[in-house]
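See below for the structure under consideration.
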Amino acid sequence: WNRESVEMAQSGRIIRAYALSDLVGKIVERIDDRSQRAHWLFTRARIAEQEDDHEASVRYYTEAIDIFEALGDATNRSAAANNLGLSLNELDRYADGLAFFDESIQLREQVPSEDRSSSFLFNLAGSYYGRGSSLRELGQFDAAVDRKSTRLNSSHQIISYAVFCLKKK
């Protein structure tokens, strides 16, 4: 249901995406499962992003992060923190976004290297990219460049460059 709701929103079927999300929200509320609620909030935030409703996505991601933190789910908390940073950047709240990119990076860097998949590294690079974007918008160019050059190993740098190129297109 998560993926389908987001795919509906991405393909312009916002009303259907919200209808499915509303139905799932009622089920999640009824079964009273905090983990499922956090995932529902995460999905709801992604749907709001598709409508450029970044204020709503900030509210949903913030609540999801609180639940993921209470559950000790660092992986999903990191993903939500990264996406919250992106939403805050969309609202020109770069300093706030920066704090969430830092949180996402810190959580991701705690994962042992043997557990890091290519998807994981791509998402970590995305957090670094978002962090650099926030710093750039805040006029902190040296910090943006220094952080990337000293903290990333070569595989992260390659992925960061790929992300940079994709975002520029």
Please find the pair of heavy atoms, one from [X] and one from [Y], that lie closest to each other, and give the distance.
X: Ala48; Y: Ser57; result: CB-N, 3.9 Å
X: Ala79; Y: Arg108; result: CA-NH2, 3.4 Å
X: Ile47; Y: Ser5; result: CD1-CB, 3.7 Å

Using the ring pair (Phe, Tyr, Trp, His ring centres under 6.0 Å) rule, take Tyr60 and His54 through it: C-alpha gap first, then chi angles, then the decisive distance, then the call.
CA-CA 10 Å; Tyr60 291 128; His54 298 289; over 10 Å; no
In terms of heavy-atom contacts, does [atom1] of [X] have more than 12 from other residues, nucleotides or ligands at under 6.0 Å?
X: Ile31; atom1: CD1; result: yes
X: Glu51; atom1: CD; result: yes
X: Gln10; atom1: CD; result: yes

Let me confirm one number: the [atom1]-[atom2] distance from [X] to [Y], rounded to the nearest 0.5 Å.
X: Gln106; Y: Ser127; atom1: CD; atom2: OG; result: 12.0 Å
X: Arg16; Y: Ser21; atom1: CZ; atom2: OG; result: 15.0 Å
X: Ile65; Y: Asp73; atom1: CD1; atom2: CG; result: 11.5 Å
X: Leu91; Y: Glu55; atom1: CG; atom2: CD; result: 5.0 Å
X: Ser87; Y: Arg46; atom1: OG; atom2: CZ; result: 11.0 Å
X: Ser35; Y: Leu71; atom1: OG; atom2: CG; result: 6.0 Å

Determine, stepwise, if the pair Glu103 / Arg77 fulfils side chain to side chain contact (heavy atoms under 4.5 Å, CB included).
CA-CA 9 Å; Glu103 178 181 336; Arg77 181 176 149 210; 2.9 Å; yes
Output yes when a side-chain donor or acceptor of [X] lies under 3.5 Å from a complementary backbone atom of [Y], and no otherwise.
X: Trp40; Y: Val24; result: no
X: Ser11; Y: Glu7; result: yes
X: Ser104; Y: Phe100; result: no

Indicate if [X] and [Y] have the same hydrophobic cluster label, given that clusters are the connected sets of ILVMFWY residues with side-chain heavy-atom separations under 4.5 angstrom.
X: Ile105; Y: Leu84; result: no
X: Phe101; Y: Val58; result: no
X: Leu20; Y: Leu41; result: yes
X: Tyr61; Y: Ile67; result: no

Of Leu88, Leu98, Asp102, Leu86, which meets side chain to side chain contact (heavy atoms under 4.5 Å, CB included) against Ser134?
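Going through the options one by one, the only one that passes is Leu98.
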Testing Arg13, Met8, Arg44 one by one against Tyr18 for a side chain to side chain contact (heavy atoms under 4.5 Å, CB included), which residue passes?
Arg44
Are side-chain heavy atoms of Asn89 and Ser133 found at a separation under 4.5 Å?
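The answer is yes; the side chains approach within 4.5 Å.
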Within the 4.5 Å heavy-atom criterion, are Ile27 and Gln36 side-chain neighbours or not?
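No, too far: nothing below the 4.5 Å cut-off.
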Between His39 and Phe68, is a side chain to side chain contact (heavy atoms under 4.5 Å, CB included) present by the stated rule, with each step listed?
CA-CA 9 Å; His39 287 284; Phe68 287 136; 3.9 Å; yes
Set out, in order, the CA-CA distance, both residues' side-chain angles and the distance that settles side chain to side chain donor-acceptor pair (under 3.5 Å) for Asp96 and Tyr94, then state yes or no.
CA-CA 5 Å; Asp96 294 333; Tyr94 302 106; over 6 Å; no
Looking at Arg37 and Glu63, is there a salt bridge between them, counting it only when a charged N and a carboxylate O are closer than 4.0 Å?
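Yes, charged N to carboxylate O under 4.0 Å.
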